[in-house]
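These notes concern the structure reproduced below.
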Amino acid sequence: MNLTFLVFLGSARNSSPPYPARLGLRVAKACAARLEASGAGVELVDPLEYEFTPVFKPHFAYARGEAPAALDHLAGRIASADGYVMVSPEYNHSMSPTLAHLLNHFGSSLFAFKPSAIVTYSAGQWGGARAAVGMRTFLSELGCLPVSAMIHIPKAQEVLEEDGSCRAGQDAEAWTGYFGRTLGQLEWWAAAARDGRAARDPQAQSPAFRRRVSERDAPASG
Ligand SMILES: Cc1cc2nc3c(=O)[nH]c(=O)nc-3n(C[C@H](O)[C@H](O)[C@H](O)COP(=O)(O)O)c2cc1C
């Protein structure tokens, strides 16, 4: 069976300046196209499609059957995916607060024992590399360990068209190779993790905590 991936888009900025708005959409489309070309099933998760309550209430805080339908639906998609692509702009040298907020709605057990890929971009010259550093910590704690290679796209508006294809004048082959290194790692780990989950139940070896974060604390001394 084909692998399935969720591509999380970290951009909810539908206004400018800075121009262009939602630069991340074309980056997410480029990742999706690369994964689809190798036969994977890909779904985009767009934060603009979710309305969150002003008071933060994550999916796991609702009683069974009482979570908002959209949140419940996304939890199911996260649970059934084989891996994740996290596409983030760099805001003040940090990952997108929109992406962090979206991900914070879900428990790590939904993501656990599956890989992720870090993809950052910017309108300027750094390509979101500083945001990516923090994303590695964030995603590791979330349970979907990031693969070692990362994608950073400086001046993404000059590299990609709105549909995610390479702009004229860019070295399309070099960009395909660059994307392929990270997304190839993601596919390899996703296939290996799927085989591993089928062979041995990861929860039997390392159960998720159920109610209290302290369930994973070191035992009290003395
Ligand atoms: C609040 C804010 C903070 C930003 N901070 C950075 C930054 O730290 N580094 C950077 O390279 N670009 C930064 N930028 C510029 C973004 O790279 C650029 O606006 C990009 O288009 C953002 O992605 P988006 O359109 O998908 O939101 C910032 C933009 C905004 C709106």
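Both counts, for ligands and for their atoms, begin at 1 and track the order of listing.
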Out of curiosity, is [X] lining ligand 1, as in a heavy atom under 4.0 Å away?
X: Ala21; value: yes
X: Tyr121; value: yes
X: Ser16; value: no

Proximal atoms of ligand 1 relative to [X] (non-hydrogen, under 4.0 Å):
X: Pro20; value: 21 (O), 25 (O)
X: Ser122; value: 11 (O), 17 (O)
X: Gly24; value: 26 (O)
X: Pro89; value: 22 (C), 23 (O)
X: Arg22; value: 25 (O), 26 (O)
X: Pro18; value: 19 (O)

Under a 4.0 Å N-O cut-off, is there an ion pair linking [X] with [Y]?
X: Glu36; Y: Lys29; result: no
X: Asp82; Y: Arg197; result: yes
X: Arg77; Y: Glu43; result: yes
X: Glu90; Y: Arg130; result: yes

Between Gly124 and ligand 1, does any nitrogen or oxygen pair lie at a separation below 3.5 Å?
no

Using a plain distance cutoff, I'd like to know if Ser11 has any nitrogen or oxygen under 3.5 Å from a nitrogen or oxygen of ligand 1.
yes

So which heavy atom in the protein is nearest [atom], and how far is it from that ligand atom?
atom: atom 25 (O) of ligand 1; result: Arg13 NH2, 2.7 Å
atom: atom 5 (N) of ligand 1; result: Asn92 N, 2.9 Å
atom: atom 8 (O) of ligand 1; result: His93 N, 2.9 Å
atom: atom 27 (O) of ligand 1; result: Tyr91 OH, 2.6 Å
atom: atom 17 (O) of ligand 1; result: Ala123 N, 3.0 Å

Please give me the minimum heavy-atom distance between Met135 and Met95, naming the atom from each residue.
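Minimum heavy-atom separation between Met135 and Met95: CG-CB, 3.5 Å.
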
Within the structure provided, determine whether Gln185 and Ser148 are in side-chain contact (heavy-atom separation under 4.5 Å).
yes

Closest by any non-hydrogen atom to atom 15 (C) of ligand 1: pick that one out of Arg26, Glu90, Gln157.
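Nearest option to atom 15 (C) of ligand 1, by heavy atoms: Glu90.
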
Angle class for the Phe106/Phe111 ring planes (parallel below 30°, perpendicular above 60°, tilted otherwise)?
perpendicular

Between Phe52 and His105, what is the ring plane arrangement, given parallel below 30°, perpendicular above 60°, and tilted in between?
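Plane angle under 30°, so parallel.
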
Interatomic distance, CZ@Arg22 vs CZ@Arg13, rounded to 0.5 Å, equals 10.0 Å

How long is the gap from OG on Ser116 to CZ on Phe138, to the nearest 0.5 Å?
10.5 Å

Checking contacts here: is it the side chain or the backbone of Ala131 that comes within 4.0 Å of ligand 1, counting heavy atoms only? Could be both or neither.
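Neither part.
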
Are Lys57 and Tyr62 in a cation-pi setup, meaning NZ or CZ lies under 6.0 angstrom from the ring centre and within 45 degrees of the ring axis?
yes

